[in-house]
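Quick notes on the structure that follows.
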Amino acid sequence: MHRFANPTRFVALVRAVQPWAAGIALVTLAAGLWFSLIASPADYQQGETVRIMYVHVPAAWMAMFCYSSMAGASAVTLVWRHAVAHVVARATAPIGASFTFLALATGSLWGKPMWGTWWVWDARLTSVLILLFLYLGYMAIENAFDDRARGSRAAAILAIVGAVNVPIIKFSVDWWNTLHQPASVVRLDGPAIHPSMLTPLVLMAVGYTALYLWILALRVRADINMSKVRALTLRGA
Amino acid sequence: MAVFSGTDLRCVRGERPVFDGVSFRLNSGAVLELRGANGTGKSSLLRMMTGLLPSAGGTLSWNDEPIAADADAHRTRINYIGHLDGVKGMLSVAENLRFWMSLRAGAEADEERYHMALATFGIEALADTPARYLSAGQRRRVALARLVACPASLWLLDEPATALDTAAAAALDHTMGSHLGAGGMVVMSTHEPARHPTPRVDLNDYARRARGAVRTAAGMTA
Amino acid sequence: MNSFSALIARDLRLACRQASDSLTVLAFFILVTVLFPLAVGPEPGILARIGAGVVWVAALLAAMLSMDRMFQSDYDDGTLELLVAAPIPLEIVVLAKASAHWLTTGVPLIAAAPLMGVLLNLEPEGYGALLLALALGTPSLSLIGAVGAALILGSRRGGALLSLLILPLFVPVLIFGVAAVEASLTDVSARPQLLILAALALAALALTPWPAAAALRQAVE
Amino acid sequence: MDMIRDYFAMGGYASFVWPAFGLSAVVVVALLVVSLRNLRLSEAALAELRHVTLLSEEETHP
């Protein structure tokens with residue numbers, strides 16, 4: 001773990017991973033789209049709208065996946081004071097927030113044909129909405145300080161506190177949802193997954209993960225370059 | 001007799017290297033003066049010694065035992081006077097001083113030490129006035145009174161004489177003299193000309209070496 | 001232990017000297033509650049149904065009003081860095097601050113809650129559960145708020161940033177607080193909800209001092 | 001020709017399925033483009049620093 005604390009060695013690793021991530025992302029997303037839109041059957045109950053599940057569910061998974069990798073990187077930042085680990089957390093936040101937004105938007109587009117309203121207080125959609133605020137809180141505090149190192153450590157603490165609270169929030173929102181459960185609401189993940197629907201779902205999930213790693217690689221390299229520029233201009237001045 | 005020492009201390013503020021390779025050794029009964037132009041890190045070095053600012057490199061040790069191993073013990077040994085006085089305007093001078101005494105085990109019952117602290121800095125008359133009516137110099141005296149009220153072997157003073165009139169400065173010198181006489185230690189950042197030959201750390205030359213240090217690491221700091 | 005009581009004694013003395021702070025929090029609590037009948041109309045049936053939720057949301061916002069100043073004055077006048085350098089565990093300082101905040105803000109809110117219940121036509125069975133739920137919930141608010149208050153020290157947009165950071169973390173307390181009152185209104189026992197609120201308070205008591213202390217330490221760096 | 005039109009009709013749900021996929025594509029592509037642009041800008045800044053301060057190639061290696 002400590003070998004990658006040195007920025008230059010870490011960038012070398014990132015540059016090695018990046019083309020693989022890009023390649024896998026493009027291939028799996030192409031196949032995923034083909035299966036989602038063309039080579040998979042409509043649902044007997046929901047009709048064609050079930051295809052929205054192929055972009056909604058992977059986005060929701062990525063929203064959670066990005067937040068946990070952000071919390072993990074933040075823990076490494078605080079325990080071993082690796083600035084590099086924080087660069088990963090800082091670079092992940094906007095990607096995670098975008099996936100969370102996508103999960104909400106596609107969830108709403110999926111809910112509209114089924115229940116006639118754009119927003120449904122379904123337990124999972126509500127938890128994802130609160131997760132979006134955790135992301136916004138992270139990004140807000142990250143650059144609320146003049147001293148970047150201060151902002152990074154404050155954000156790291158918040159990410160860990162947030163990560164501890166996510167399951168508690170999930171539990172209380174599920175509990176709240178069952179309490180106010182209107183009779184007719186169908187659970188949002190729709191019918192049991194039919195095998196022919198599993199392939200597009202898995203392909204899209206793998207594609208989104210590879211996409212995350214690809215964008216992460218780009219943002220990490222840009223971030224390290226900019227801190228190198230800042231350090232050198234400071235020294236030069 | 002205790003020894004307070006530091007080896008190859010390195011400090012980075014934000015992403016700016018401040019100093020590198022600073023070493024010192026301070027024995028009981030001695031004063032270590034920190035000198036250097038503004039921005040060379042005198043306050044940062046003092047805050048590092050207090051434990052407020054973690055060092056980016058090097059170690060601080062007490063009797064050659066690294067302080068990081070037992071930070072709590074170190075905190076019982078020190079008295080820190082920073083730029084800010086730490087005096088609450090809504091509380092009276094007495095309430096302020098007694099509060100700081102109550103945080104140190106054993107000091108709170110020590111009436112005699114409390115009165116001596118007030119007397120040393122000539123603020124007995126102000127004991128019951130709320131601190132917000134005090135002048136900056138008087139507030140500084142209340143802060144310095146903590147040195148007498150709260151027993152500690154290592155005093156870390158950041159430009160203690162600022163805002164002090166000659167009487168208060170003399171009182172400070174006198175207190176430091178008796179503290180050193182009793183085997184205490186003082187680390188003091190100051191701009192006044194050196195009055196008596198003492199061990200000194202001049203941070204001007206360490207700053208240049210720090211700037212050189214950035215060539216290797218990319219200036220990355222957590 | 002005496003440093004804990006010394007800290008709380010000092011904060012309470014400061015709070016009494018600035019009594020206006022607790023009064024503004026109370027006034028805000030009453031004002032927010034009064035806004036709802038003005039907004040949704042005075043019809044008792046509606047008010048009774050949303051009463052518990054309104055009191056809880058108003059209490060939560062009022063508790064947050066003074067939260068960003070929990071460490072601010074100590075941070076500004078140098079007391080905080082002396083506390084970090086003092087020979088007491090910083091977690092104790094956090095607990096003392098959160099308890100002082102609860103005593104000066106949480107307790108007045110609990111005291112005023114029944115009056116708000118009257119304004120909102122809350123049924124009589126609900127008052128007991130409302131008081132108990134607030135008594136168990138407001139400590140969690142102060143403890144979680146302590147983490148937020150420590151995190152925003154020295155940041156540019158203190159107050160607004162604090163609400164964005166900690167409101168999501170207040171959701172569980174809000175949900176179970178309102179649920180406890182509504183359970184007592186539908187003559188189902190409110191025990192499970194109150195027990196969960198107590199569990200949340202104990203978890204907050206055990207968990208929040210560490211991140212708050214870490215935030216204070218990096219704030220004075 | 002109408003087979004294509006039937007396909008795009010998505011069983012009457014065209015106005016939900018296509019916006020869902022379209023929005024996902026827009027957000028993902030936007031993220032990629034912004035990240036790529038930031039990387040190019042940072043590399044340009046580093047390169048420009050190399051000319052200004054004649055630092056060694058190793059230091060301003062992106």
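So you know, we letter chains A, B, ... as the sequences are listed, proteins then strands, and number each from 1. Computation of the quantities below employed the complete heavy-atom set of this structure, encompassing side-chain atoms and omitting hydrogens, waters and symmetry-equivalent molecules.
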Exercise for the section: Would you please indicate yes or no on a ring centroid separation below 6.0 angstrom for Trp175(A) and Phe176(C)? Expected result: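 Between Trp175(A) and Phe176(C), which both carry aromatic rings, the centre distance is below 6.0 Å.
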Exercise for the section: Mind listing the closest non-hydrogen atom pair of Ile130(A) and Pro168(C) along with its distance? Expected result: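 Looking at all heavy atoms of both residues, the closest pair is CG2-CB, 3.9 Å.
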Problem - Heavy-atom closest contact (Arg156(C) atom, Asp146(A) atom, distance) - result: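 The answer is NH1-OD1, 2.6 Å.
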Handout entry: Option that, when pairs with chain C are counted at under 4.5 Å, heavy atom only, ranks first among Gly137(A), Ala155(A), Gly162(A), Ala156(A)
Key =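 The candidate making the most pairs under 4.5 Å is Gly137(A).
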Of the backbone (N, CA, C, O) and the side chain (C-beta and beyond), which part of [X] lies under 4.5 Å from a heavy atom of chain A, both, or neither?
X         : answer
Ala150(C) : neither
Ile175(C) : side chain
Leu167(C) : neither

Can you measure from [atom1] ([X]) to [atom2] ([Y]) and round to the nearest 0.5 angstrom?
X         : Y         : atom1 : atom2 : answer
Ile196(C) : Ser172(A) : CD1   : OG    : 9.0 Å
Leu169(C) : Phe133(A) : CG    : CZ    : 12.5 Å
Ser155(C) : Asp147(A) : OG    : CG    : 13.0 Å

Problem - Check: Gln218(C) and Ile157(A) side chains under 4.5 Å, non-hydrogen atoms - result: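 Ile157(A) reaches Gln218(C) side chain to side chain.
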Practice task
State, yes or no, whether a side-chain contact exists between Asn165(A) and Val171(C) at a heavy-atom distance under 4.5 Å.
Solution key: no
Completion exercise
Assert top hit (heavy-atom pairs under 4.5 Å, partner chain A, pool Leu151(C), Leu164(C), Leu165(C)) equals Leu151(C)
Exercise for the section: Select one option (side chain, backbone, both, neither) describing which atoms of Val173(A) are under 4.5 Å from chain C's heavy atoms. Expected result: both
Handout entry: Stepwise side chain to side chain contact (heavy atoms under 4.5 Å, CB included) test for Leu200(C) and Ile168(A)
Key = CA-CA 9 Å; Leu200(C) 287 173; Ile168(A) 302 172; 3.8 Å; yes
